[in-house]
There are 2 protein chains.
Amino acid sequence: MAELNERSQNILEAIVKDYIASAEPVGSRAISRRHHFNLSPASVRNVMADLEEMGLLCSPHTSAGRIPTEKGFQYYIDSLLQIRDLSDKEKKQLRSSYRFSGMKMEDIMQEVGRILSGLSKYAGLVMVPKFATTVFRQIEFVRLSYGRLLVIYVSETGLVQNKVISADTDIDQRQLEKISNYLNRELNGLTILQVREKLKKEMQEEISLYDQLRTKALSLSFAALQDEVEDQLFVAGTSLMLEQPEFSSPDQMRRLIQTFESKKILIDLLDRSQSAQGVQIFIGSDVDLKGCSLISANFSNRKGAIGALGVVGPMRMDYSQVVPIVDFTAQLVSRVLDREAE
Amino acid sequence: MAELNERSQNILEAIVKDYIASAEPVGSRAISRRHHFNLSPASVRNVMADLEEMGLLCSPHTSAGRIPTEKGFQYYIDSLLQIRDLSDKEKKQLRSSYRFSGMKMEDIMQEVGRILSGLSKYAGLVMVPKFATTVFRQIEFVRLSYGRLLVIYVSETGLVQNKVISADTDIDQRQLEKISNYLNRELNGLTILQVREKLKKEMQEEISLYDQLRTKALSLSFAALQDEVEDQLFVAGTSLMLEQPEFSSPDQMRRLIQTFESKKILIDLLDRSQSAQGVQIFIGSDVDLKGCSLISANFSNRKGAIGALGVVGPMRMDYSQVVPIVDFTAQLVSRVLDREAE
DNA sequence: TATTAGCACTCAGGATGGTTGAGTGCTAAT
DNA sequence: ATTAGCACTCAACCATCCTGAGTGCTAATA
């Protein structure tokens, strides 16, 4: 993107800000009046025409003001937006909104989503990613019925997964305990991915069946861990977004709800932000989020990244407000999880 | 409700059916033409006026046809609706939609919701109720960090719950195993409610502390099981409902989404149907479901009721279609769970 | 040369009014 | 008891007009 001269930048910024505030097209007169760069509406119009030429603005129809295009927002965010830091007071306030003592992972995530949504007035998202990326801590088996077992495995970060598997023969609880003891000793500290590797390798070597218990243990844990568990996504405050004027028409509402319902689009985006550092901003049809933006950040404990959170709002979102909230929340959550981990 | 004479019944039924099909007010002419009770529009009008007087019909404005009121629907459902049985072919088809092998409880529930929604074209609900009503099967402890434990407990029906608790002292894994062994022996076969009772009683008698292990076991399990775990509700296909003409206005959409988001209203209703037998129908502002109805049924295995499922749709729903689907699905799910339980 | 005043033009949105058609209630005739 | 007939009502649709906000262009200005 070519650099803009200062005047153009100022005017673009003014337009974006006004539009964020009002959700309505902004006209040259309004700009020249409300912002005090001593310029007549006519001059402003000239600049606006240039900006439109460059694809940063557009007008819904001839006699309406201009609104920023996606590209316009992009430019604004990349070059003009300055994120203010939260004041200590705000940080304190934010910190006190979050109270997680005694909550288990899932509940914390849900609560974080709710609070994010409440603070931003948009939809809050929290994703706990695939189990595969976590570190194995413990596995337990519960016999449900003949040949049917419930497997429960716990990650280093405190995530719990359970799954029902079928064994070809019945196994009693005493034996199951031995098996889990064996596995817990053997697999401790590996990531689930490593565990899978190890199991696969050992099972190939094990064809000789010289140790019945061990063979059983391997095949059971293999069955338990083999397939992917999906990312878990918590969404809160969808209906808050429906209050926004850009979603006032039935059609737009429907589309929005569908987006949230399928979750896939959101998970993909959060997955992407998973691997990045710091706050990410995704804009509009960047990826099937027509008219919306996603502000996200990942969180982690000292054992590594464990998830991502964020806020989805209309593209016309108050970024300078929401970005620091998301950022700080991610840090807070990271710290909490760290404390929990040890 | 006073009994209606046959003609009135016929006409009411015709109106309800036409309205269900079209979602539009139905007029006297349409009735007298489409249904062949040789009556002129004028006669139909007379009857309609009576029905309106009784509060079973109303007209949105003078020159529109009539639509059934809530009371009208209620009467229709109570007295006129006849539920056809599913044909064997339909049953077979339904049965083959449901494939749950190797799925764990949560996934089954989610899948059932999705399928219910798909079949009915409305929103599908499945609720797994409070843990308290289930029978204890097994408890396991995992040490997370100093003094912090993860408790996992499994019900007879295969539900898994986990929770983080803090102990006042650190306990190592060997000791935890002993504790869980002890508890598993001691609490086997009781409902969670009974378990709570028992624990409370024993803890009172235990002040003497003559057995350290046992005391610890009691206090841990008490902490783990003391507080209520909420009902879990799975909702699928919200956006399908938005397609219905009655929710075409932004306002109605918003309200609907809010209802689904809070979940509370739905949980309350399903909770109610939990205890009842067979299919239940809840209509409209019966309970804060303005414009909607809920058709629900509970499911159970031979150890007792474990949940409820249903379909939420516009009050103008095709009951004769949806009721048997819900009914049969509940039976199917019950059977599946029975098979799983032993 | 950059800015601005002035002016003609555009167009969405609101107000107004007429027409249509579906539906009603009432009355008198059957 | 039923129904034909008729006057009446009213939402929905359409065309039309008007207004005001906003534009682009051009010529005058600093």
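Just so it is clear, the values below take in all heavy atoms, side chains as well, and ignore hydrogens, waters and symmetry mates. Chain identifiers are assigned alphabetically (A, B, ...) following the order of the sequence lines, protein sequences preceding nucleic acid strands; residue numbering begins at 1 within each chain.
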Engineer: Are any of the side-chain heavy atoms of A:Met127 and A:Ile267 separated by less than 4.5 Å?
Structural biologist: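 When only atoms from C-beta onward are counted, A:Ile267 and A:Met127 do touch, with a gap below 4.5 Å.
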Engineer: Quickly work out the B:Arg33 CZ to C:dG23 C1' distance and round it to whole Å.
Structural biologist: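 Going from CZ in B:Arg33 over to C1' in C:dG23 covers 13 Å.
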Engineer: From D:dA21, D:dA4, C:dT4, pick the nucleotide closest to the side chain of A:Ser63?
Structural biologist: D:dA21
Engineer: Which part of the nucleic acid, if any, lies within contact of B:Ser28, taking any heavy atom under 4.0 Å across all strands shown: a base, the sugar-phosphate backbone alone, or nothing?
Structural biologist: sugar-phosphate
Engineer: Say you draw a straight line from CE of A:Met253 to OG1 of A:Thr238; how long is it, rounded to the nearest 0.5 Å?
Structural biologist: 12.0 Å
Engineer: Report the nucleotide, chosen from C:dT24, D:dG24, C:dT3, that has the shortest atom-to-atom distance to any side-chain atom of A:Glu52.
Structural biologist: D:dG24
Engineer: Using whole Å, what does the distance between atom P of nucleotide D:dT23 and atom CG of A:Asp50 come to?
Structural biologist: 14 Å
Engineer: Side-chain N or O of B:Arg66 less than 4.0 angstrom from OP1 or OP2 on C:dT24?
Structural biologist: yes
Engineer: Let's test this: given Watson-Crick or G-U wobble pairing with both distances under 3.5 Å, identify the partner of D:dC14.
Structural biologist: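 WC or wobble partner is C:dG17.
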Engineer: Using whole Å, what does the distance between atom P of nucleotide D:dG22 and atom CG of A:Asn46 come to?
Structural biologist: 17 Å
Engineer: Tell me the interatomic distance from B:Ile31, atom CD1, to C:dG23, atom P, rounded to whole angstroms.
Structural biologist: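 Rounded to the whole Å, the gap is 10 Å.
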Engineer: From C-beta outward on A:Arg7, which listed nucleotide comes closest to its side chain: D:dT9, D:dT3, C:dT3?
Structural biologist: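 Out of D:dT9, D:dT3, C:dT3, the nucleotide with an atom closest to A:Arg7's side chain is C:dT3.
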Engineer: Determine the minimum heavy-atom distance between B:Val44 and B:Ser32, stating which atoms define it.
Structural biologist: CG2-CB, 4.0 Å
Engineer: What integer distance in Å separates A:Leu51:CG from D:dT23:C1'?
Structural biologist: 15 Å
Engineer: Given the structure, check if the side chain of A:Arg29 and the base of D:dG22 hold any donor-acceptor pair shorter than 3.5 Å.
Structural biologist: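 For A:Arg29, whose side chain was compared with the base of D:dG22, there is no donor-acceptor pair (under 3.5 Å).
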Engineer: Kindly point out which of D:dT3, C:dC11, D:dC10 is positioned nearest to the side chain of B:His61?
Structural biologist: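 Taking heavy atoms from C-beta onward, the closest nucleotide is D:dC10.
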Engineer: Specify the separation, in whole Å, of atom CD1 of B:Ile67 and atom C1' of C:dT24.
Structural biologist: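 Distance check: B:Ile67 CD1 to C:dT24 C1' gives 16 Å.
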Engineer: Specify the separation, in whole Å, of atom CZ of B:Arg34 and atom C1' of C:dA22.
Structural biologist: 13 Å
Engineer: Has B:Ser296 got a side-chain atom pairing as donor or acceptor with B:Ser273's backbone, closer than 3.5 angstrom?
Structural biologist: no
Engineer: Hunt down the Watson-Crick or G-U wobble partner of C:dT27, both distances under 3.5 Å, from any strand shown, or write none.
Structural biologist: D:dA4
Engineer: Check the distance between C:dC26's C1' and B:Met48's CE and give it to me in whole angstrom.
Structural biologist: 16 Å
Engineer: Scan B:Thr62 against the nucleic acid and name what it touches under 4.0 Å (heavy atoms): base, sugar-phosphate only, or nothing.
Structural biologist: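 Here B:Thr62 touches the backbone only, sparing every base.
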Engineer: With nearest nucleotide decided by heavy atoms, which residue, B:Pro60 or A:Ala49, maps closer to the 5′ end of DNA chain D?
Structural biologist: B:Pro60
Engineer: Could you check whether any side-chain heavy atom of A:Asp251 comes within less than 4.5 Å of a side-chain heavy atom of A:Arg254, counting everything from C-beta outward?
Structural biologist: yes
Engineer: Side chain of A:Arg45, heavy atoms from C-beta onward: which of D:dT3, D:dG24, C:dT4 has the nearest atom to it?
Structural biologist: D:dG24
